[in-house]
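Being a predicted model, the structure only gives us computed values, none of them experimental.
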Amino acid sequence: MNPLPLLLLAPFALLIPGLALLVLLRLPIGRGGCRVEVADLGLIALTLSIGFNAWLALTLSEFGWFGVSSLAVVWVALGLAAAAVAIRRRVWPFGRVVLGRWSIAAGAVLLLGAALVHRPAEYVFGVYDPGVYVNVGLAMARTGSVLVPDPELPRLAPEERSALFGNVPAPWHRSGMPFVTIQDAARGTLEAEWFHLFPAWLAIWALAGNPLWGTPTLYLGSLAAIYLLGRLLIHPAAGVAAALFLAVNVGEIWFGRYPMADLMAQTLVLTGFALLAFAAIHWSVAFAALAGVSFGLVHLAKIDIVIVPAALAGALAWQWLRGRWGRCETALLVAYLLVSAQAVVHALLFARFYTLRIVLDLLTVAGLRRLLDLRPLERANLDHPYALDQLGRLALANWWLFVLPMVGLLVSAFLLALLRGRTPWLRVPESPRLNLALAAAVVVLGFWAFFIRPISAGVPLPDEPSARAIALANRQSFVQLGWYFTPLGLAIAVAGVTGILIARPHPVLVLFALCGAVSSVLLLGQSLVNPVHFWAFRRYLPVVVPVFSLGIAFLLFSLGGGSWRARLPGVVLGGLLVGMMFWQALPILGETEYGGARRQVDALAASLPTDAVILFAWSPAAERLATPLHFAYGRTVFAVEDAALSDPGLRAAVHRWRSEGRPVLYLRERSLPPPPIAAAPVAGQVIDVPALEQPTDHLPRRWGRLRFALDQYRLDDA
C-alpha cells in the first residue's frame, strides 16, 4: 500500500487544526504563559484536532460535500488564518517550548500504545455495529454524503420492490443489510443506524487508503487526554501513570483496534474534562467553550451517554445556586447546547428510524408500557414512513405523558430559583466523620457487588440460554469488570476514586470521579449489552474505564511523600499491576481479527462487473458481505430468499436488467443446496480469516477461523 497519502493526511488530521485553534483563540497552555512542555502542546493539539476534524467531516457529509477538496479548503484556510495572526503579533505563539522528563515519559507511553494497536482489526464485513460504522465511513468517502445513495431503488416497480423486500409496512428494512433502512425509496437513499460522527472520522482515513486507522488514533487521543487531565489536576507522574494503566488495559487495547463508537465517546469525554481543567486553571472562556463543544460532540457519536448531560446540569446548577456563575459557565453551556442542537437535527434528518426506535424503547419500559398507546404509531407506519410524523402521532395520542415531565421541569426550575443565593444548605462540611462514612459506604457496596451479589439467589434465572447468560452477566458485572483491571487493580481503582471524592483535590476532578462512580453503580444493575466478551465491556469504556484508571494513579501517587524513596511502594505496586494487566492482553496481540479480510473482499468485488446486479442468497455470508459490496464498492446488491426467485416480480426485474445489458449474478454459500433455478456457474471465492472466540464466562483467548465458501452463478432467465 502506498504510504504517501497517509503521510500527507496525518499532520492535518492529528495536529495542524489543533495548533491553529490554539493560536486563533490565544489559549494559555504553559506555566505562566511563557514555558510550554512539548507534551502539553502536542497532546492538546492532538485532542483538539480529533474533535474538530470529526465534526467537520460529519457536517460536510450532512450537506453531501465531504471529500478531499472540501477538507483541504478548510484546513488551508485555518492554517493561513493562524499564520496571519501569529505574524501580526510578531511573536512565537507558544512561548518557550521545552522537552522535560514528563514529556519524554508521556511520549514513551504513547509509543507503547501505538505499538499495541498498530494492527487494527480488518473489520470490513457488514452486520453488527462495527460493520455498519466502517462501511458507512467508506460510503462517505466514496459518495461525500452521510446518506448512502442507491440508484436502483427509484427504478424498481412496486411488484419488483415487493419481491425483493417483502410485503412489510413502510419504512422497509433492506434484506441482507442489517441496521440499514431505506429512508426514501423515491430518492433512493439508505440510512444506516446509529449516529455518524465516528463513521465521519473513519471516512477521513478512508481517503488515505484505510478507514481502520481511525480507531487507533482515537485510542492515542484518549491516552493524551487522560495524561493532560492527571497532569493538570494531580501531578505529571499521575498523568503518565493513568495513561499507562489505560494503555495496557486489555479491553482498551481491543477496542483500540476494533471499530466501535464507544472509544470515540471516551476520547471526547476525556477531552472535555481536560479542556474543562484548563479552563478552571486559567479562567479561560475559550477553553470552557471548547469543553462544551467536546461534551456536545459526544451526542453526535452515541445516543446513550446520559451521564454527560446529567453531570453538566448538576455542576452548572450548583454554580448558579451558589451565586458563582461567570463567563466560563456561560461559554460552556452555550457551546454545549449549540452542538447538542446539531445532534438533535442530525437525529431527525439522518438517523430518524434509529432515534425513533430508541425513543420508543425509552417510552415502553416496564413502567410505561401499560400507559402508552402505540396504535397511532402502528397506523402511521403503514403510510407515513417519516419519523417526525410517527413521533408526532404518538405524542398526540399520549400528550399527558409528554406534558407532565415538562411541567415537572418548570416547577423544579421555579423552586431552584427561590433557593438561589441561600447557600448554607449547599455547603458540604469537611468532616472526618463524613469522609469516614463515605469510605465505609463505598467499601460495603464494593464488597457486596464483588463477593455477595454474584452468588446471591436474587431473581430466578430464565431457562432460555441467551437470557440466562444476560442475567448471569448482570449479576456478575462487577466481577467481570475485575477481569479487565485484574481484581487487585479493581480494588485499587475503587479505593482511588473514593479517595478523590473524599480528598476533593479539584472540583473538575471530583466531577470526573463522580461520573465514573455513578456510571459503575448504574451498570451494576443492567449492563445494557449482550454478555459476550469483549462486547460486555464496551459500556464501561466511555466513562468508567478512564475514571478507574485515573483513580488507580491517584491512589498510588498518594501512597508516599515527596521523595522517590517514599514513593517506592506505589511505584512497585503500579509496576506489578501494569505487568498483570499486560499479561492479560498477550493472547490478543499475536493475531489480527479478520486479518486479510480486506484483500479477500477486494478480490470478491473485483470479480463482479461494476454494472452487474447481484442477487445474494440469504445466509450469514450475505449478511456480512452485501453491505460492503454496496457501501464500499458501489455494487447493486439484493439479498433474497430462495422463494423470491420464483416471484413474478423478481422475474420481471431480472428480465428488465438483462434487457438493459446488465449481467445478473447469483451468489450463494457453497454449503447451501443447489440454486432452485437454472443458473450457469461462473466462479468461486473463499473468505477465510482469523476470528477471536466470543465467550460469556471468561476473557477471549483462543483464535478460530471465519470461513465462507461462495459460488457465483450467471442468471440467463429467472
Side-chain angles (χ1 to χ4, degrees), residues 43 46-51 54-55 109-110 113 116-117 120 129-130 133 194-195 197-202 214-230 239 242-277 291 293-309 311-312 481 484-485 493 497 511-520 522-523 527-529 534-553:
L43 298 185
L46 171 64
T47 55
L48 289 176
S49 296
I50 289 175
W55 169 83
V109 172
L110 260 70
L116 294 175
V117 298
D129 309 38
Y133 287 133
W194 301 294
F195 286 0
L197 187 70
F198 179 55
W201 176 248
L202 299 182
T215 307
T217 56
L218 293 174
Y219 166 90
L220 296 178
S222 289
L223 300 186
I226 201 169
Y227 163 76
L228 291 170
L229 189 60
L244 182 59
F245 291 127
L246 191 64
V248 299
N249 185 292
V250 60
E252 187 79 16
I253 294 171
W254 178 258
F255 285 107
R257 309 197 307 175
Y258 207 76
M260 288 294 292
D262 303 80
L263 188 62
M264 169 157 269
Q266 180 194 81
T267 303
L268 293 171
V269 168
L270 281 170
T271 299
F273 275 102
L275 294 170
L276 196 59
V293 169
S294 188
F295 288 132
L297 287 175
V298 173
H299 303 309
L300 280 164
K302 295 281 292 182
I303 198 174
D304 54 359
I305 310 296
V306 296
I307 193 66
V308 169
L312 287 180
L481 182 60
Y484 296 87
F485 282 96
V497 173
L511 181 62
F512 182 59
L514 196 59
C515 285
V518 172
S519 296
S520 62
L522 293 177
L523 290 172
S527 59
L528 301 174
V529 74
F534 293 100
W535 285 84
F537 177 74
R538 68 187 183 94
R539 296 293 182 187
Y540 295 96
L541 204 64
V543 180
V544 175
V545 174
V547 168
F548 278 23
S549 298
L550 192 60
I552 296 173

Gap between atom CD1 of Ile552 and atom CG of Asn249 - 0.5 Å precision: 8.5 Å
Separation between CG of Leu522 and CD1 of Ile307, rounded to the nearest 0.5 Å: 6.5 Å
Beyond-backbone contact of Phe255 with Asp262, side-chain heavy atoms, under 4.5 angstrom: no
pair Arg538-Asp129: side-chain heavy atoms closer than 4.5 Å: yes
Trace of the side-chain contact (heavy atoms from CB on, under 4.5 Å) decision for Phe485 with Ser549: CA-CA 9 Å; Phe485 282 96; Ser549 298; 3.9 Å; yes
Pairwise side-chain contact, Thr215 with Pro120, heavy-atom cut-off 4.5 Å (strictly under): no
Minimum heavy-atom distance between Ala277 and Leu229, given as atom pair plus value: CB-CD1, 4.2 Å
Minimum-distance pair of heavy atoms, taken over all atoms of Ile305 and His299: O-CE1, 3.8 Å
Euclidean distance, Leu46 CG relative to Thr217 OG1, rounded to 0.5 Å: 8.0 Å
Atom of Val298, atom of Ala265 and distance for their closest heavy-atom approach: CG2-O, 4.4 Å
Heavy-atom side-chain contact between Tyr484 and Val545 under 4.5 Å: no
Any Trp535 side-chain heavy atom under 4.5 Å of Met260 side chain: yes
Ile50 vs Thr271 side-chain heavy atoms within contact, under 4.5 Å: no
Which residues share a ring-ring contact (aromatic ring centres under 6.0 Å, His included) with Tyr227, sequence neighbours left out: none
Leu263 side, atom CG; Tyr258 side, atom OH - distance, nearest 0.5 Å: 13.5 Å
N/O donor-acceptor pair under 3.5 Å between Trp55 side chain and Leu297 backbone: no
Trp254 backbone acceptor or donor facing Tyr219 side chain under 3.5 Å: no
Under 3.5 Å donor-acceptor, Ser294 side chain and Leu268 backbone: yes
Stepwise side-chain contact (heavy atoms from CB on, under 4.5 Å) test for Leu48 and Leu275: CA-CA 9 Å; Leu48 289 176; Leu275 294 170; 4.0 Å; yes
Distance in Å, Leu541 CG paired with Glu252 CD, rounded so as to fall on 0.5 Å steps: 5.0 Å
Side-chain touch Phe537/Leu481, heavy atoms, less than 4.5 angstrom: yes
CH2 (Trp194) with more than 12 external heavy atoms under 6.0 Å: yes
Whether Tyr133 and Phe198 hold their rings parallel, tilted or perpendicular, with breakpoints at 30° and 60°: perpendicular
Shortest non-hydrogen separation from Gly272 to Ala291 and the atoms involved: O-CB, 3.5 Å
Minimum-distance pair of heavy atoms, taken over all atoms of Cys515 and Ala311: SG-CB, 3.3 Å
side-chain contact (heavy atoms from CB on, under 4.5 Å) evaluation trace for Phe548 with Tyr540: CA-CA 10 Å; Phe548 278 23; Tyr540 295 96; over 6 Å; no
4.5 Å side-chain heavy-atom contact, Leu223 and Leu246: yes
Interatomic spacing from CZ in Phe273 to CG in Leu550 - rounded to 0.5 Å: 11.0 Å
Closest approach of Pro546 to Leu270 (non-hydrogen atoms, all atoms of both residues): CB-CD2, 3.7 Å
Any donor-acceptor pair under 3.5 Å from Ser519 side chain to Val544 backbone: no
